[in-house]
Protein chains: 2
Amino acid sequence: MARSQTTRKPTRIQREKTNSILEAALDVFSDNGFRGSTIDMIAVRAGLSKPNILYYFDSKEAIHKALLAGLLETWLAPLEEMDEDGDPIEEICKYVALKLKMSQNFPRESKLFANEVLQGAPHILPEIKGGLKDLVSTKASAIARWAEEGKIANIDPYHLFFSIWATTQHYADFDIQVRSVLDDGKDPFETAGPFLDNMFRAMLEPKAS
Amino acid sequence: MARSQTTRKPTRIQREKTNSILEAALDVFSDNGFRGSTIDMIAVRAGLSKPNILYYFDSKEAIHKALLAGLLETWLAPLEEMDEDGDPIEEICKYVALKLKMSQNFPRESKLFANEVLQGAPHILPEIKGGLKDLVSTKASAIARWAEEGKIANIDPYHLFFSIWATTQHYADFDIQVRSVLDDGKDPFETAGPFLDNMFRAMLEPKAS
DNA sequence: GTCTATATCGAGATAGAC
DNA sequence: GTCTATCTCGATATAGAC
């Protein structure tokens, strides 16, 4: 078990190889899911041999866990930026735009996450029931307050989050379907931005009571 | 290869066993994905032996294909019901409600479909680029016409469909996350119905120009 | 039609030379 | 640190008795 991860000083080369393995693994796992991926696929894409992969990581699962480890944090960062003292509708729409940008720029991460949750989140259920739930709860309170103050329409904050996650991640996770339905060549993200912005503004606009 | 599927008259018992295998397979595949599922899991859940499964189906993939075969059709049925001569907003909201009901009543089918599309739709890409694309194209034209006539707001019909699919299926596909974020015990579907209805009505309401 | 036993194969992981 | 060769195991699928 005297693996490189446990030694004291990881050299530059070690870091580089570790990174290229993770990079290749992200490709493979997001395309094929955990069970559908093989170490060989990762090795080929990383330009390394199979045993060499297992020199840097103890197992296939260790690679997967390493990828997931930082993922939820990255995924939640945009939500943390939501400012309770800012303009309500602008803050929410900014979050939507950020989340859509993440789907556009990090589709592999989105798919990795989708795969994981779809299978019942076997590796990150604690994090979901912990950090995610807590953060959402906090931000939901802020949104509920905005609604009480009449600054936005009276909507359920939790379902608001679900609809934001669902609509933005859909373009990454189901991209094959989206692009198949649209004329090939069109970039879905260009038109999705204005559409979603308009959709959430319409819903959030305070109604005359 | 003289398998029962190819004989002329499938007896009642054969039909029943075939159905219980498909039923068990739907459980297993939707929970674990195709690669993560084993014939043994299906056999145990169906109360049959592994070779007996392979007497009724030529291979694990054959079971999977059989499940997917009817799925897209079932999945599209609600969209076909959308009436171009009905009240625009009511027709669209009826579609949303139906789609949500399907997520509630057929979560396994939804997950099976999500798994398939997430992996790039290897088995049903032709159907997606064929029947699905055509049907959506037809209905999108109707919606575009409604918009031109000022009966609904001027929104992109394709992104409307994407947002409907994303939001409704989210409750089935990501149920573990939804239920983890909400207080346990609450049924997400009860509150999701009114929320989504309100959301799509707000977006579709014709704007004074 | 249904079983037990087994052939076969793919893939994770390890041994040991270099 | 990296390779070739190999062990091992789980899973698909088949053979053949009943």
Side-chain angles (χ1 to χ4, degrees), chain A residues 1-25 27-29 31-68 115 119 122-123, chain B residues 1-25 27-29 31-68 115 119 122-123:
Chain A
M1 286 294 176
R3 286 287 148 79
S4 52
Q5 298 101 301
T6 63
T7 60
R8 278 193 232 130
K9 68 168 181 65
T11 72
R12 204 199 74 238
I13 287 191
Q14 284 173 333
R15 282 226 171 274
E16 281 175 5
K17 293 229 168 167
T18 310
N19 284 339
S20 68
I21 291 171
L22 288 174
E23 176 68 17
D27 273 347
V28 174
F29 283 140
D31 266 2
N32 307 99
F34 180 73
R35 313 291 295 259
S37 304
T38 71
I39 298 181
D40 235 3
M41 295 183 200
I42 299 172
V44 168
R45 195 163 305 215
L48 297 172
S49 70
K50 189 161 61 168
N52 203 0
I53 300 278
L54 290 165
Y55 172 80
Y56 286 97
F57 289 90
D58 284 340
S59 66
K60 173 180 160 182
E61 193 159 14
I63 305 176
H64 193 243
K65 281 182 74 170
L67 281 174
L68 282 176
N115 261 307
Q119 316 284 315
H123 298 103
Chain B
M1 285 293 171
R3 284 290 148 77
S4 52
Q5 298 103 299
T6 64
T7 62
R8 278 192 230 130
K9 66 168 182 64
T11 72
R12 206 200 74 237
I13 287 192
Q14 283 173 333
R15 281 225 171 276
E16 280 175 6
K17 292 231 168 164
T18 311
N19 283 338
S20 69
I21 290 172
L22 288 174
E23 176 68 15
D27 274 347
V28 174
F29 282 141
D31 267 2
N32 307 99
F34 179 74
R35 313 292 295 258
S37 304
T38 71
I39 296 181
D40 233 3
M41 294 183 200
I42 299 171
V44 167
R45 196 165 302 218
L48 297 171
S49 71
K50 190 160 56 171
N52 202 0
I53 300 278
L54 290 166
Y55 172 78
Y56 286 98
F57 289 90
D58 284 341
S59 67
K60 173 179 161 183
E61 193 159 14
I63 305 176
H64 193 244
K65 281 183 75 169
L67 281 174
L68 282 176
N115 260 308
Q119 316 283 316
H123 298 102

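In what follows, chains are A, B, ... by sequence order, proteins preceding strands, each numbered from 1.
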Whole angstrom value for the distance that separates P of C/dC3 from CG of B/Asp40 = 13 Å
Would you kindly give the CD1-to-C1' distance between B/Ile42 and D/dA11, to the nearest whole Å?
-> 12 Å
A/Arg35 versus B/Asn32: any side-chain heavy-atom pair under 4.5 Å?
-> no
Within the structure, does a side-chain N or O atom of B/Lys17 lie under 4.0 Å from either OP1 or OP2 of C/dT2?
-> yes
Which atom of B/Lys17 lies closest to which atom of B/Tyr56, heavy atoms considered | CD-OH, 3.7 Å
A/Lys60 NZ to C/dA11 P: how many Å, rounded?
-> 9 Å
Please work out whether the ring planes of B/Phe29 and B/His64 are parallel, tilted or perpendicular, with thresholds of 30° and 60°.
-> perpendicular
With side chains defined as the heavy atoms from C-beta onward, is the minimum distance between A/Arg45 and A/Met41 less than 4.5 Å?
-> no
Return the value, rounded to whole Å, for the distance between atom CG of B/Asp58 and atom P of D/dA13.
-> 9 Å
In whole angstroms, how far is the P atom of D/dT6 from the CD1 atom of A/Ile39?
-> 20 Å
Is the shortest side-chain N/O distance from A/Ser49 to OP1 or OP2 of D/dT2 below 4.0 Å?
-> no
When we call it a touch if two heavy atoms are under 4.0 Å apart, what does A/Thr11 touch: a base, just sugar-phosphate, or nothing?
-> nothing
Between D/dG10 (C1') and B/Met41 (CE): distance, integer Å = 11 Å
If every non-hydrogen atom of B/Ser59 is compared with every non-hydrogen atom of B/Leu54, which pair is closest and at what distance?
-> CA-CD2, 3.9 Å
Determine: side-chain N/O of A/Tyr55 to OP1/OP2 of C/dT14, distance under 4.0 Å, yes or no.
-> no
Earlier contact from the 5' end, DNA chain D, for A/Lys50 and A/Arg35 | A/Lys50
D/dA11 OP1/OP2 closer than 4.0 Å to side-chain N/O of B/Thr38 = no
Starting at atom CZ of A/Phe29, determine the distance to atom P of C/dA11, rounded to an integer number of angstrom.
-> 14 Å
Atom-pair distance (CD on A/Glu61; C1' on C/dG12), nearest Å = 12 Å
